[in-house]
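Worksheet: one structure, shown below.
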Amino acid sequence: MNFNMNDIIYKKREGGELSPEEIKWWIDGYVKGEIPDYQVSALLMAIFFRGLSREETYTLTAAMRYSGDTVDLSSIKGIKVDKHSTGGVGDKTTLVVAPLASACGVPIAKMSGRGLGFTGGTVDKMESIPGFRTVLEPDEFLNQVNDIGMAVMGQSGHITPADKKLYALRDVTSTVDNFGLIASSIMSKKLAAGSDAIVLDVKCGAGAFMENLDDAITLADLMVDIGYDAGRRTVACITDMNQPLGKAVGNALEVQEAIDTLKGRGPEDITELSKKLAGIMVYLGGRAVSPEQGYEMASQALEGGMGLTQIRRFIEAQGGNGDIVYDYSMFPQPKFSLELKADRSGYVKTIKARQIGLASQKTGAGRETKEDEIDLSAGIVLNKKVGDKVVEDEVLATFYGNDLRKVKDGLEEAKSAFEISDEEVTRPELIKEIIGL
Ligand code: URA
């Protein structure tokens with residue numbers, strides 16, 4: 001069937017519901033390069049304002065899932081469990097959770113994405129390890145999981161090419177934070193990637209695409225339904241993203257913090273969340289009789305150093321030097337660093353995660369256009385978290401990068417992200433809700 005893209009844009013702009021045929025047609029045309037970016041940008045903006053119905057979201061997910069190859073993981077023994085975050089600031093959990101879950105015997109064959117908007121992406125982070133390959137041949141990927149228990153690669157161009165193109169376009173057209181677009185983007189990839197079960201970390205708060213709990217629940221429900229509908233056990237954890245997760249934001253800085261966490265000396269929030277998510281994965285992977293037992297197993301893998309051994313093997317299997325886990329000077333080093341100091345004493349009340357994400361992007365750690373090269377050494381390390389006591393002139397955060405002007409811009413952007421109050425502040429609850437267990 002043939003449609004006209006202008007009519008489709010108009011229909012959505014006026015609040016109409018697109019038919020399954022129309023959705024399949026424009027996804028197909030976009031992947032083939034027959035429909036230009038500018039028309040798809042206009043449609044995305046119309047979708048952003050008008051939304052997608054559940055039916056439209058289901059059809060869009062399926063159209064994107066089958067827009068390219070799908071992965072067959074049947075040659076990997078065991079129940080494969082995937083994990084995906086809806087995107088946050090300082091969210092390096094994959095690099096902790098995947099080694100922990102695989103150390104507990106759950107095969108992890110994961111595809112990850114790049115940074116989107118003010119949020120970071122695992123592929124960019126992994127590329128800060130010199131020599132690390134994020135592009136693997138299909139056989140190599142499968143063999144690595146059978147050999148060492150885990151592999152994480154960038155989303156291959158042949159798998160959900162529709163999402164690959166749309167993701168990059170949404171990133172630069174301010175059309176990311178929409179239920180249907182996020183749900184279809186994530187679930188099309190997860191379904192095409194072939195794992196048997198999926199754990200979703202739905203970020204909620206000022207530094208997430210979903211700013212309030214009701215919206216996060218709506219998104220989580222939608223994705224859990226799409227997963228079950230496709231025959232995959234799917235669990236969503238709604239977790240706090242009002243302040244950055246952990247203390248490091250930026251690519252090499254976050255990988256170092258993930259390794260620290262596997263050494264048992266990471267920040268409390270990232271440590272706790274990683275054990276929780278890994279525990280659910282261990283349970284869904286059939287290695288524990290309950291999520292609680294899974295949590296215990298993940299905790300032991302962390303404390304016993306099995307998770308650290310696992311990330312080391314993983315780095316080596318994908319071309320990096322495993323000794324980097326003991327020698328951080330092997331990471332790209334920033335030329336400049338600047339400190340932001342507290343202008344008064346008190347308790348840290350707020351660290352606006354979105355603003356810290358934008359500030360990190362400004363230091364050079366994120367992209368402003370699709371083509372931008374990122375500075376892998378750039379970013380921010382917080383010295384304080386919400387609830388911490390601070391005295392005047394104490395360092396709140398340090399900003400890093402290779403371009404002094406950008407580092408200064410990042411620092412300027414972050415200044416108003418911190419709020420300090422006279423009263424003591426309770427630490428925010430990390431895990432707000434679990435859906436689908
Ligand atoms: N992560 C994704 O993979 N897609 C989105 O749209 C948002 C976060």
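None of the values given here were measured: they were computed from a predicted structure. Because only heavy atoms are used, hydrogens play no part in the values below, and waters and symmetry mates are left out as well, while side chains stay in. Numbering of ligands and ligand atoms starts at 1, following listing order.
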Does the pair K415/E412 count as a salt bridge with the N-to-O cut at 4.0 Å?
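Yes, this pair counts.
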For K12, check salt bridge (Lys or Arg N to Asp or Glu O under 4.0 Å) against everything at least two apart and list the hits.
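Scan of K12 (salt bridge (Lys or Arg N to Asp or Glu O under 4.0 Å), adjacent residues dropped) gives E56.
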Can you find a pair of side-chain heavy atoms, one from M150 and one from V152, that are under 4.5 Å apart?
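The answer is yes; the side chains approach within 4.5 Å.
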Side-chain donor-acceptor contacts of residues 216-228 below 3.5 Å, not counting sequence neighbours, with atom names and distances?
unit_1, atom_1, unit_2, atom_2, d
T218, OG1, D214, O, 2.9
D225, OD2, R54, NH2, 2.5
Y228, OH, G436, O, 3.3

Put together the list of close N/O pairs, under 3.5 Å, between ligand 1 and the protein, could you?
unit_1, atom_1, unit_2, atom_2, d
ligand 1, 3 (O), H84, NE2, 3.1
ligand 1, 3 (O), K189, NZ, 2.6
ligand 1, 4 (N), S185, OG, 2.7
ligand 1, 6 (O), R170, NH1, 2.8
ligand 1, 6 (O), R170, NH2, 2.8
ligand 1, 6 (O), S185, OG, 3.4

Would you say the ring centroid of F48 lies under 6.0 angstrom from that of F179?
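Aromatic pair excluded; centres sit 6.0 Å or further apart.
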In chain order, what residues pass the side chain to side chain donor-acceptor pair (under 3.5 Å) check against Q318, with sequence neighbours excluded?
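With neighbours one apart ignored, the set is Q144.
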